[in-house]
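Below: one structure, written as structure tokens.
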Amino acid sequence: MGGVKSLETKRLILRPWEPEDAGFVLDLYSRWEVQRFIGNHPQVMREFAEAEERIRVWRTMDYPLHGAWAVQLKEAVQLKKAAQLKEPLQSKSTPPLAGTLLLKSIPASGETLPLQPSGDTEIGWHFHPDCWAHGYATEAAAAVLAYALEGGLDRVVAVTAPANAASQRVCRRIGMTHLGQTNRYYNALCELFEARAPRTTLP
């Protein structure tokens, strides 16, 4: 449980979620600006118990390469603009969490619920608004995509709501190819991106 491989980039540590991270998870997913593109009927998280359950599910993902990472900054930095009055994400002495990076099975569209696995693997990310426009999503997603393809996956997809231009920019920045719109997944019309492992040629 909680056994995803930790990854490291220049500015970030991607590590397993821990039960004590539930406060951040509630803060993240209680925000409409984070939730508005998630699912066909977006709803904000309201209860601490929901955050605890979300972490429990993430920690029990058991496919060898699938996982959910807590994205943590290496250094404690002040992310908020001076004009904002809200409290910092966490103590200034603690490098703050920035968001979630996911590598998981993506469900196929279908007429019955729960939706069944499509056989494809998707990459996704959800970041705290205080951490937008710093390049953290691109940096973390690039690390997980490389981990997936180097680990043996031939193909990884990403899907976004048609209006989610920010996530579409991240997909392009990490080298994914836009394949147009699809309703293949989630019973929803999505913009589809994919990345494929480089082909090796025999001598």
Which value, rounded to the nearest 0.5 Å, describes the distance between Ile123 atom CD1 and Lys104 atom NZ? 12.0 Å

Mark yes when over 12 heavy atoms from residues, nucleotides or ligands other than Glu20 sit less than 6.0 Å from its CD; otherwise mark no. yes

Distance, nearest 0.5 Å, that separates CZ of Phe127 from CG of Leu101: 5.5 Å

Distance-only donor-acceptor pairs under 3.5 Å for side chains of residues 137-149, two or more places apart:
residue: Glu139; atom: OE1; partner: Arg11; partner atom: NE; Å: 2.7
residue: Glu139; atom: OE1; partner: Arg11; partner atom: NH2; Å: 2.8
residue: Glu139; atom: OE2; partner: Thr9; partner atom: OG1; Å: 2.6
residue: Glu139; atom: OE2; partner: Lys10; partner atom: N; Å: 3.4
residue: Glu139; atom: OE2; partner: Arg11; partner atom: N; Å: 2.8

Joint cluster assignment, Ile106 & Val170, ILVMFWY side-chain distance < 4.5 Å: no

Atom of Ser109, atom of Ala188 and distance for their closest heavy-atom approach: OG-N, 4.2 Å

Using a 4.5 Å cut-off between side-chain heavy atoms of Ile, Leu, Val, Met, Phe, Trp and Tyr, which other residues end up in the same hydrophobic cluster as Leu113? Leu115

When you measure from the side chain of Thr160 to the backbone N and O of Gln168, does any donor-acceptor pair fall under 3.5 Å? no

Which one of Arg46, Glu53, Arg54 satisfies the side-chain contact (heavy atoms from CB on, under 4.5 Å) criterion with Glu50? Arg46

Here the pair of heavy atoms bringing Leu97 nearest to Phe24 is O-CE1, 3.3 Å

Would the distance check show the side chain of Trp69 and the main-chain N or O of Lys5 forming a donor-acceptor pair, the cut-off being under 3.5 Å? yes

Give the cluster check for Ile13 versus Leu102: same hydrophobic cluster or not, with ILVMFWY residues linked at side-chain heavy-atom distances below 4.5 Å. no

What residue pairs, at least two apart or across chains, pass salt bridge (Lys or Arg N to Asp or Glu O under 4.0 Å) with a residue in residues 150-168? Asp120-Arg155, Arg155-Glu194

Testing the basics here: between Glu47 and Leu26, what is the closest heavy-atom pair and its distance to 0.1 Å? O-CD1, 3.7 Å

Kindly indicate whether the side chain of Val71, heavy atoms from C-beta on, has any atom under 4.5 Å from the side chain of Trp125. no

Taking a hydrophobic cluster as the set of Ile, Leu, Val, Met, Phe, Trp and Tyr residues connected by side-chain heavy atoms closer than 4.5 Å, whether directly or through intermediates, do Tyr185 and Leu153 fall within one such cluster? no

Determine yes or no for a side-chain-to-main-chain donor-acceptor pair under 3.5 angstrom, with His134 supplying the side chain and Tyr136 the backbone. no

Side chain Thr100, main chain Ala70, donor-acceptor under 3.5 Å: no

Val25 with Phe48, same ILVMFWY side-chain cluster at under 4.5 Å: yes

Rounding to 0.5 Å, atoms CD (Glu33) and CH2 (Trp132) come to a distance of 5.0 Å

Drop me the distance from Cys131's SG to Leu12's CG, to the nearest 0.5 angstrom. 9.0 Å

So salt bridge (Lys or Arg N to Asp or Glu O under 4.0 Å) across residues 107-117, not counting sequence neighbours, yields none

Between Glu52 and Ala22, the two heavy atoms sitting closest are CG-CB, 4.0 Å

Euclidean distance, Ile55 CD1 relative to Thr60 OG1, rounded to 0.5 Å: 12.0 Å

How would you list, by chain and number, every residue that makes a side-chain hydrogen bond (donor to acceptor under 3.5 Å, both in side chains) with Ser118, sequence neighbours excluded? none

Mind listing the side-chain donor-acceptor pairs of residues 35-45 below 3.5 Å, one per line with the distance, residues two or more places apart or on another chain?
residue: Gln35; atom: NE2; partner: Gln43; partner atom: O; Å: 2.6
residue: Asn40; atom: ND2; partner: Tyr186; partner atom: O; Å: 3.0
residue: Asn40; atom: ND2; partner: Asn187; partner atom: O; Å: 3.3

Donor-acceptor side-chain pairing of Thr121 and His66 below 3.5 angstrom: yes

For Glu191, what residues pass the side-chain hydrogen bond (donor to acceptor under 3.5 Å, both in side chains) criterion, not counting sequence neighbours? His178, Gln181

For the pair Arg59 (side chain) and Pro16 (backbone), establish whether a donor and an acceptor sit closer than 3.5 Å, ignoring hydrogens and angles. no

For the atom pair NE2 (His126) and OG (Ser167), what is the distance rounded to the nearest 0.5 Å? 7.5 Å

Contacts of type side-chain hydrogen bond (donor to acceptor under 3.5 Å, both in side chains), residue Arg15, not counting sequence neighbours: Asp21, Gln72

State yes or no: do Val157 and Ile174 share one hydrophobic cluster built from I, L, V, M, F, W and Y residues joined by side-chain heavy-atom distances below 4.5 Å, directly or via other members? no

